[in-house]
Number of protein chains: 2
Amino acid sequence: MVKLTDVARAAGVGYGTASRALSGKGPVGGDARTRVLQAARELGYVTDGTARALREGRTRSVGLIVPDMTNEFYTASAEVLQDVLRTAGHHLFVATTGNHPGLDQEALQAMAARRVDGIVHVPSGPAAAHQSPVPVVELNRYSGRQVPAVVSDDINGVKQLTELAVTAGYTDIAAIVGPETYSTSRDRLAGFKAAAEAAGFEDSPTAAKRFRIISSDFSVAGGSEAMTTLLTKPPQAVLPLSSRLVMGVLKTARAHGIRFPDDMALAGYGDPDWFEIWGPGITTFAPPLSEMGAKAAETLLDLINSEDIDPSINRLPGTIKQRGTM
Amino acid sequence: MVKLTDVARAAGVGYGTASRALSGKGPVGGDARTRVLQAARELGYVTDGTARALREGRTRSVGLIVPDMTNEFYTASAEVLQDVLRTAGHHLFVATTGNHPGLDQEALQAMAARRVDGIVHVPSGPAAAHQSPVPVVELNRYSGRQVPAVVSDDINGVKQLTELAVTAGYTDIAAIVGPETYSTSRDRLAGFKAAAEAAGFEDSPTAAKRFRIISSDFSVAGGSEAMTTLLTKPPQAVLPLSSRLVMGVLKTARAHGIRFPDDMALAGYGDPDWFEIWGPGITTFAPPLSEMGAKAAETLLDLINSEDIDPSINRLPGTIKQRGTM
DNA sequence: CTGTTAGCGCATTCAG
DNA sequence: CTGAATGCGCTAACAG
């Protein structure tokens, strides 16, 4: 692979001159500069990033750790995050954990070993032993570490979603949430309870205005099971609070011949593109995934360039999309 | 950041000894080894990958270049690809091009600059100027470069899909395909025509058994427009040959109150999870995305470890999923 | 303005 | 079996 000395020799200049010409830093004679640039182009010279990184003490690359690359919930953020970072000259290492907490630390280590300048992390579990020698910004979920986090304002979002059900006059509402180990589950649950209780609903089967909460995992199968459980005494409205839970609920409903909104009202969470064309359209709370990705990227860049960390949680507002199911 | 000399000093051994102990290569006394390992753990030592890469001439990282991280069509492959590579000790650089051909070369360059050991590339356009000094495997699409490619056997897949329509007795069939610049478009079109013509269909509005082909881009909007065009003289069966085209077709159909399969039969391509629960279930050809990802990873690893390239196209068979729309 | 030089941290020779 | 020394390719500081 052609290196700097080759370019310098071809251009008939010294080693350092070639370096300065290529990087644009430091004084170089206009004549020498053009000769170097031309030689570099002709030889197909590409700076050796490993050597440069070693010398400069930074790699211009950042890590992204997500539970699952096939989940639109993460990739929608990742896409714009990647875009913002690339514009700033950084490239992206990606690792997935499959929500298996052990892999978080492993990925963090691997990224640190590659000396990324920073990491955007969707933690797959409680803070625990997550440690990183490089700056970290949490995305989507916050683990409790003293690092900045960029998340969706699920508390308000789900609150508004629940108010939709209340306003529509339903008096028997059920929510399906994920494991409490995730901040997302806790936030969504908090939003739901806040709205329900504010409207005079109680967590009791005998109350006139009542709500139920079913805990599940964030999977399609979990949603299916939860819905099956609910169907022993069908609520008037169901709120599966993740897009995969929605999918599970729809599967079970389909098997039982239940129609939305005729037999039951439904409001979901997230906004994969098919929500719009499923049946009458699925009413949902759409978190601001793109904005979250951009904000996470900007926060990380700030962190990399300034060192002063503001370990606060940045909650970005999403949007209610009212469609046919509620 | 703690380095090797620190560990060596803490362990009371020499520099080289520490290196050998950590890497496991070369002779080290059992006693010295344990002292080094313990010191490393206590100090939180993490090998500096940039220095190691410079010295060893490889980074143990590979690049993945895809058009779009939010498209399940790519991420489903990427997920398992990432898994296979990680098991082999490699990590993944990801860049997206947005199907903007200029970015392909830019991404290729950036990856080369970072000295990745190899690249998995979903080319976003014709071969053209794509050049890379490191081994490349193409995924999903092949550009014509002399590199190995791992793709879905769309020719046969779409052929079978078309035969489904023929067998069902439809005599007016329309296919919606993407731009001819993509090998995927050409393959799917070839499969469609092969099956249609073999069954005696003609590309003529007056033939008893007739087919139509509408060219579009691979977007939701493109599918919508194509469907609108078709509706001036509705076919008995429509085959939008990408999941985004399916989405577009469904949107237009919905606006026109068309029901599948009652008013028109539909068979699609790809298998995002919502295909199963949309209406009566969408009949489709599902490419083997996971297998493709795994195969691409293995092919690249072979390439990295052996140098002898076999620039052939590996077509992996997919599966027909017959559901309700046809 | 230009050429020369010293490390960045590591793996790996070569002496001991 | 161990410690010291070399150089991977580059940038930055220095001397000319």
Side-chain angles (χ1 to χ4, degrees), chain A residues 1-37 39-40 43-61 89 109-117 133-134, chain B residues 1-37 39-40 43-61 89 109-117 133-134:
Chain A
M1 191 144 290
V2 41
K3 56 177 125 169
L4 201 46
T5 51
D6 301 327
V7 175
R9 189 163 358 101
V13 301
Y15 188 26
T17 306
S19 172
R20 282 183 298 251
L22 266 324
S23 69
K25 303 186 167 187
V28 182
D31 182 43
R33 162 172 286 113
T34 52
R35 287 217 310 284
V36 169
L37 293 181
L43 297 177
Y45 171 75
V46 182
T47 306
D48 186 329
T50 64
R52 188 213 286 265
L54 177 59
R55 179 64 228 247
E56 291 191 329
R58 61 169 180 164
T59 53
R60 297 165 191 271
S61 59
Q109 287 267 351
M111 302 265 172
R114 279 166 177 75
R115 292 296 189 267
V116 294
D117 297 337
V134 299
Chain B
M1 192 144 290
V2 42
K3 56 177 123 169
L4 201 45
T5 51
D6 301 327
V7 175
R9 190 166 352 101
V13 302
Y15 186 29
T17 307
S19 173
R20 282 182 297 250
L22 266 324
S23 71
K25 303 186 167 188
V28 181
D31 181 44
R33 162 172 288 112
T34 52
R35 287 216 311 283
V36 170
L37 294 180
L43 296 177
Y45 171 75
V46 182
T47 306
D48 186 329
T50 63
R52 188 213 287 264
L54 178 58
R55 177 65 230 249
E56 290 190 328
R58 61 169 180 164
T59 53
R60 296 165 190 271
S61 59
Q109 286 266 353
M111 302 263 173
R114 280 165 176 76
R115 292 296 189 268
V116 294
D117 297 336
V134 299

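None of these values were measured; they are calculated from a predicted model. Below, chains carry the letters A, B, ... as their sequence lines are ordered, and counting in each starts from 1.
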* Selection from C/dT2, C/dG3, C/dA11 that lies nearest to any side-chain heavy atom of B/Thr47 -> C/dA11
* Most 5' of B/Arg115 and B/Gly14 on DNA chain D, judged by nearest nucleotide -> B/Gly14
* Establish, with yes or no, whether the OP1 or OP2 oxygen of C/dA11 is under 4.0 angstrom from a side-chain nitrogen or oxygen of B/Ser23. => no
* Worked verdict on A/Asp6 versus A/Lys3 for salt bridge (Lys or Arg N to Asp or Glu O under 4.0 Å) -> CA-CA 5 Å; A/Asp6 301 327; A/Lys3 56 177 125 169; 5.9 Å; no
* **Interatomic distance, B/Asp48 CG vs C/dG9 C1' [rounded to whole Å]** => 6 Å
* Have a look at B/Leu54 and say if it touches a base, only the backbone sugar-phosphate, or nothing, with a 4.0 Å heavy-atom cut-off. => base
* Asked: How many Å lie between CG on A/Asp6 and C1' on D/dC8, as a whole number?
  -> 14 Å
* Asked: Rounded to the Å, how far apart are A/Leu22 CG and D/dA12 C1'?
  -> 15 Å
* Asked: Nearest-Å distance, CZ (B/Arg52) to C1' (D/dC8)?
  -> 14 Å
* With the side chain counted from C-beta on, respond yes when A/Val13 and A/Arg35 share a heavy-atom pair under 4.5 Å apart, and no when they do not. => yes
* Asked: Yes or no on side chain to side chain contact (heavy atoms under 4.5 Å, CB included) for A/Val36 and A/Val28, after CA distance, side-chain angles and deciding distance?
  -> CA-CA 10 Å; A/Val36 169; A/Val28 182; 6.0 Å; no
* Round to a whole Å and report the spacing from OH of B/Tyr15 to P of D/dA5. => 12 Å
* So which nucleotide from C/dA11, D/dA12, C/dC10 ends up closest to the side chain of B/Lys3? -> C/dC10
* Structure fact -> dist A/Thr50:OG1 -> B/Arg52:CZ (nearest 0.5 Å) comes out at 13.0 Å
* Hey, does the side chain of A/Tyr45 come within less than 4.0 Å of D/dG9's phosphate (OP1/OP2), counting only N and O? -> no
* For the pair made of CE in B/Met1 and P in C/dC10, what is the distance, rounded to whole Å? -> 11 Å
* Asked: Is the shortest side-chain N/O distance from A/Thr17 to OP1 or OP2 of C/dG3 below 4.0 Å?
  -> yes
* To do: Considering non-hydrogen atoms only, spot the tightest contact between B/Ala40 and B/Val7 and give its length.
  => N-CG1, 3.9 Å
* Name the nucleic acid region contacted by A/Ala32, choosing base, sugar-phosphate or nothing; use a 4.0 angstrom heavy-atom cut-off, strictly under. => sugar-phosphate
* Interatomic distance where CD belongs to A/Glu56 and C1' belongs to C/dG7 [whole Å] -> 14 Å
* Protein-nucleotide distance (B/Leu4, atom CG; D/dC8, atom P), rounded to Å -> 20 Å
* Could you tell me whether the side chain of B/Arg20 has a donor or acceptor atom within less than 3.5 Å of a complementary atom in the base of D/dG3? => yes
